[in-house]
There are 2 protein chains.
Amino acid sequence: MKKRSYQQYCPLATGLDIIGQRWTLLIVRELLIAPKRYKALLENLPGMGTNLLAERLKTLMNLGVIEQIVQLTPCVSKVYQLTDLGQELEKPVLALTQWGSQFLKKKPPKFLFRPEWVLIVIKAAFNPQKAAYLSICCEWHVDGLIFYIRVDEGRLEIKLGAAENPVATVKTDGPSFAALVLGESRLKDIIVKGAFKITGSGLAVVRMMQILCIQDSHTQSEIA
Amino acid sequence: MKKRSYQQYCPLATGLDIIGQRWTLLIVRELLIAPKRYKALLENLPGMGTNLLAERLKTLMNLGVIEQIVQLTPCVSKVYQLTDLGQELEKPVLALTQWGSQFLKKKPPKFLFRPEWVLIVIKAAFNPQKAAYLSICCEWHVDGLIFYIRVDEGRLEIKLGAAENPVATVKTDGPSFAALVLGESRLKDIIVKGAFKITGSGLAVVRMMQILCIQDSHTQSEIA
DNA sequence: CTGCATCCGCCTCGATACTG
DNA sequence: CAGTATCGAGGCGGATGCAG
């Protein structure tokens with residue numbers, strides 16, 4: 001039960017002592033998307049032993065990174081969620097996500113995929129400057145997952161669930177959505193393939209995707 | 001020799017497959033400060049097996065994160081340094097550093113300490129808005145380590161070595177420097193203790209430290 | 001002396017089985 | 001559903017050996 005520590009008076013080493021072990025940041029990723037119950041975490045983290053998950057959750061709770069609460073909607077259940085301290089891990093997670101995305105392209109398609117993870121990529125790649133003077137809200141249905149993306153006054157909002165007043169609704173499949181966001185496919189090609197069904201303003205969707213797709217760092221620095 | 005992978009089509013998981021193993025990000029931290037030779041890395045990472053360091057370095061080289069070059073100054077030697085790809089890890093490292101710094105305060109003083117690490121904290125905590133309209137360059141001698149910090153037009157520059165035209169030169173010890181940057185001691189108290197010797201403009205040093213010290217997140221959000 | 005490679009004991013991890 | 005218990009395998013840490 002004793003922990004392995006770097007024993008260094010350094011914030012990075014101290015942080016890694018807490019969230020640097022295997023699987024821990026992936027647990028945080030899952031909870032950044034939404035609070036989840038024990039079983040849901042296990043399902044999204046295949047390969048992780050159930051004992052290890054239990055121990056990680058216990059440790060993170062002791063450290064005040066996550067907490068366990070009783071959720072009332074949509075049904076009564078015990079779920080784990082990030083505390084404010086844990087929520088502050090969003091910045092590091094997004095930074096690592098942005099860095100890691102350039103290695104993703106040549107990955108075998110056998111790997112596990114969840115459309116929620118693409119939402120993190122969008123957050124990581126978001127550039128407020130590109131979104132200036134735009135105000136769009138789209139609802140998405142990707143592999144059964146429903147969420148909306150709202151861009152307004154240079155701010156980005158992504159939430160699970162249906163939107164209130166979307167200007168467009170898009171239905172597509174996970175791989176197409178990922179390829180689009182990662183810049184591996186063009187919107188035009190995916191629409192032609194028929195994997196993209198738009199209800200409402202198509203122009204709004206086009207505009208939004210111009211903002212959300214990953215750009216290479218050269219392009220980004222030009223704009224900044 | 002086979003690697004353990006998360007097998008997920010997710011940028012975060014992919015990134016962690018590369019730099020998520022034990023010690024790897026600390027190697028990156030060392031190389032973010034300056035290129036180093038094998039032995040120097042080993043000295044700054046006590047507890048790490050020499051075999052493990054060799055294997056990590058090899059892996060990182062194969063992945064294009066670091067490279068080995070022949071350094072000519074100050075003496076001819078083979079050193080490891082970050083590639084452009086590796087340099088892009090600065091953002092994640094700084095983000096994790098900022099997060100981890102709030103856990104640092106109650107750490108036992110027996111832990112290993114290097115003044116270079118404080119430089120990363122300064123970079124992580126730097127807020128361009130606070131530095132607006134300021135132009136200061138100070139040279140520091142901390143536990144024998146010489147470096148300078150330049151603030152100019154909202155930009156921060158930290159480099160090892162002597163400054164060209166510093167408005168002030170400060171000599172102090174590592175713990176005082178760390179306590180100051182981490183906001184655990186006030187500049188006044190450290191000067192009174194005699195652990196702080198300023199040559200040149202004392203006001204410049206005071207101004208600069210107001211910028212460089214860690215602020216709690218509440219204060220930062222007020223300014224932003 | 002630096003820059004690794006080899007060997008070995010141990011701790012962590014991953015899979016399965018089991019319990020409240 | 002939410003964990004706990006168990007155990008084999010593999011990554012890690014320390015000591016040592018060796019070549020340039």
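On a predicted model such as this, the values are computed, not experimentally measured, just so you know. Letters A, B, ... are given to chains in the order of the sequence lines, protein chains preceding strands, and every chain is numbered from 1. Values below: every heavy atom of this structure, side chains too, minus hydrogens, waters and symmetry copies.
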Exercise. For the pair made of OH in A:Tyr38 and P in D:dC1, what is the distance, rounded to whole Å?
Worked result: 13 Å
Exercise. Between D:dG3 and A:Gln68, is there an OP1 or OP2 to side-chain N/O distance shorter than 4.0 Å?
Worked result: yes
Exercise. Does B:Arg22 put a side-chain nitrogen or oxygen below 4.0 Å from OP1 or OP2 of D:dG13?
Worked result: yes
Exercise. Rounded to whole angstroms, how far apart are CG on B:Leu42 and C1' on C:dA5?
Worked result: 14 Å
Exercise. With a 4.5 Å limit on heavy-atom distance, are the side chains of A:Lys197 and A:His141 in contact?
Worked result: no
Exercise. Would you say D:dG13 has OP1 or OP2 under 4.0 Å from some side-chain N or O of B:Trp23?
Worked result: yes
Exercise. What is the distance from CG of A:Leu60 to P of D:dG3, rounded to the nearest Å?
Worked result: 13 Å
Exercise. Looking for any heavy atom pair under 4.0 Å, which part of the strands does B:Glu43 touch: base, sugar-phosphate only, or nothing?
Worked result: nothing
Exercise. Taking the six-membered ring for Trp, is the centroid-to-centroid distance between A:Phe177 and A:Phe147 below 6.0 Å?
Worked result: yes
For this session: Report the distance from atom CG of A:Leu53 to atom P of D:dA5, rounded to the nearest whole Å.
Result: 16 Å
For this session: Can you tell me the distance, in whole Å, between the CE atom of A:Met48 and the P atom of D:dT4?
Result: 13 Å
For this session: Report yes if at least one side-chain N or O of B:Lys39 is closer than 4.0 Å to OP1 or OP2 of C:dG3; otherwise report no.
Result: no
Problem set entry | B:Lys58 side chain near C:dA5 phosphate (N/O to OP1/OP2, under 4.0 Å) | yes
Exercise. Expressed in angstrom and rounded to an integer, what is the separation of B:Ile27 atom CD1 from C:dC4 atom C1'?
Worked result: 14 Å
Exercise. Got a donor-acceptor pair under 3.5 Å from the side chain of A:Asn51 to the base of D:dG3?
Worked result: no
Exercise. So does B:Arg4 get a side-chain nitrogen or oxygen closer than 4.0 Å to the phosphate oxygens (OP1/OP2) of C:dT12?
Worked result: no
Exercise. Does the side chain of B:Cys138 come within less than 4.5 Å of B:Val205's, by heavy atoms?
Worked result: yes
For this session: Look at the side-chain N and O atoms of A:Arg56 and state whether any lies under 4.0 Å from the OP1 or OP2 oxygen of C:dC13.
Result: yes
Exercise. Between A:Leu52 (CG) and D:dC7 (C1'), how many Å, whole number?
Worked result: 15 Å
Exercise. Think A:Arg29 forms a cation-pi with A:Trp117, using NZ or CZ under 6.0 Å from the six-ring centre and within 45 degrees of its axis?
Worked result: yes
For this session: Determine: side-chain N/O of A:Gln21 to OP1/OP2 of D:dC12, distance under 4.0 Å, yes or no.
Result: no
For this session: Hey, which sits more toward the 5' end of DNA chain C by its nearest nucleotide, B:Ala54 or B:Arg37?
Result: B:Arg37
Exercise. Under 6.0 Å from the six-membered ring centre of A:Phe126 and within 45° of its axis: does the NZ or CZ of A:Arg155 meet both?
Worked result: no
Problem set entry | Interatomic distance where CG belongs to B:Leu26 and P belongs to D:dC12 [whole Å] | 13 Å
Exercise. Looking at B:Tyr80, does any N or O in its side chain come under 4.0 Å of the phosphate oxygens OP1/OP2 on C:dC4?
Worked result: yes
